[in-house]
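Comments concern the structure below.
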There are 2 protein chains.
Amino acid sequence: MTSKIIKGSIQGSKRGRGRPAVFDRDLALREAMNLFWERGYEGTSFDDLIAAMGISSSSFYNSFGSKEALYCEATQSYLEWSGHWFFAILNDPSIDAKTAFARLFAATAEEFTRGDHPLGCMISLAGTHCPPGMKNIREMMAEHRAFSEGAMAERMRKGIQDGDLSEDTDCDMLAAYYSAVARGLAVQARDGASHEKLAEIGRLAMRAWPARQGAEKVIA
Amino acid sequence: MTSKIIKGSIQGSKRGRGRPAVFDRDLALREAMNLFWERGYEGTSFDDLIAAMGISSSSFYNSFGSKEALYCEATQSYLEWSGHWFFAILNDPSIDAKTAFARLFAATAEEFTRGDHPLGCMISLAGTHCPPGMKNIREMMAEHRAFSEGAMAERMRKGIQDGDLSEDTDCDMLAAYYSAVARGLAVQARDGASHEKLAEIGRLAMRAWPARQGAEKVIA
DNA sequence: GGATTTTTGGAGCAATGACATCAAAAATAA
DNA sequence: TTATTTTTGATGTCATTGCTCCAAAAATCC
């Protein structure tokens, strides 16, 4: 979380002595994040990065270490931002599990199609289609995806305790399903689907939500 | 469909006269497809390709034209193969619409996790995260995705005619939903999800299938 | 067998990739 | 002001990328 030590220099802390950085590190990181988000790791070149960040090659090098290190930081930055709304909804104590997931997808539809940042999700789209040399990144992104899927499953388990879901609900599987839908929404967003289209897909996905015990009978 | 004319030479036809090709073009194309499927367009280098295809740089060049042209051919090759099982199920006249989609996802779960080729779907994962220079490929893949989504919607419209679905079903939206699930399955497969996990996600997705008219009442 | 036609291997090219170096510049502390 | 510390811009390196060219090789037809 705190700034990392890179090649002996510490960025962000220790005001005083030498010449202070002329660029806003957080802002530069944000620009990098947007580029990675839009184009992916491979799709973003060194030169693209330093141009967007407004810094020189060497500033880049001794502030961020390497392209890969920057990508990790940018990913963390993204997770911090997206985790904000994601967990706010998931952990809202005032709503039941089903409502939480419904709101999650409503928020997802909105966030994935906002005009002030790239479309879709940086995590969902990254590290699925890559060469052997990108194994680190691939695994890192897979872990992030597994993490959010795990958080969903956890929320569902709490839902069982709250009586929102039947005892015999397979939370891991249900979370895997909603996770898959979220990945699909990211692709749809990339392909230009509207906010309303994504929202409706989310609503349809909620129809798969399990009925409570004793209420699963349907008139044939 | 037939072999294309590249730089004056015609591959695959016109046996006779000059030295015949020593490599099997279809086999080489297959190898290229597998590599692109596994690593994506950017993730696959020229050298990777000619090594996997077992041909020289110049053979590659005058047989396939360019990396991008080869990618298009490989994509067509993939679509021909995947379209085989996809449309066989979608257009099976002996089953109703819901059964068709259920089988589609069962087949998807199986095909996405087979050991004899890369995991997931070449179309779902490609061209979502790429630099401006790959606009052609990005748009091509988006079109392919839209095509399969359209085919799903078409099948649903037939389902309405057959009485499998209520008249007021929004087929485009329902297809968008199932399309999104399919994209999500591809990501799950890439992240190592088992055949059974994918199959179960598909089953859960089918719970969103609309109830027939007059049967949508649920005992609260 | 000789002519013709096409493939093949290998060398090579310009452009780009990411990364690295270093002296000059700048801002603070003493 | 001077010494110190750190950033900065310019330039350099080394590997890779996708592509091209060309002479030698090989297989068919006459």
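Just so we're on the same page: letters track the sequence lines, and every chain starts at 1. Scope of the values below: all heavy atoms of this structure, side chains included, with no hydrogens, waters or symmetry mates.
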> Asp48(B) has an atom CG; how far is it from atom C1' of dT16(D), in whole Å?
Replying inline: 11 Å

> Side chain of Ser58(A): nearest nucleotide among dA18(C), dA11(C), dA10(D)?
Replying inline: dA10(D)

> Are any side-chain N or O atoms of Lys67(B) and backbone N or O atoms of Tyr41(B), one a donor and one an acceptor, separated by less than 3.5 Å?
Replying inline: yes

>> Treating Arg207(A) as the side-chain partner and Ala208(B) as the backbone partner, does any N or O pair qualify as donor plus acceptor under 3.5 Å?
In response: yes

> Hey, is the side chain of Tyr61(A) poking within less than 4.0 Å of OP1 or OP2 on dC19(C), counting only N and O atoms?
Replying inline: no

> Between Asp48(A) (side chain) and Ser45(A) (backbone), is there a donor-acceptor pair under 3.5 Å?
Replying inline: yes

>> In this structure, how many angstroms lie between the C1' atom of dG10(C) and the CD1 atom of Ile50(B), rounded?
In response: 11 Å

> What about Ser56(A), does its side chain sit under 3.5 Å from the base of dA10(D) through a donor-acceptor pair?
Replying inline: no

>> Short of 4.0 Å, heavy atom to strand atom, which residues of residues 37-47 of chain A count as contacting DNA chain C?
In response: Thr44(A), Ser45(A), Phe46(A), Asp47(A)

> Would you find a donor on one side and an acceptor on the other, under 3.5 Å apart, between the side chain of Thr108(B) and the backbone of Leu104(B)?
Replying inline: yes

>> Starting the side chain at C-beta, find the nucleotide from dT20(D), dT8(C), dA20(C) nearest to Ser59(B).
In response: dT8(C)

> For the rings on Tyr78(B) and Phe36(B), is their centre-to-centre separation under 6.0 Å?
Replying inline: no

>> I'd like to know if the side chain of His129(B) and the backbone of Trp37(A) have a donor-acceptor N/O pair within less than 3.5 Å.
In response: yes

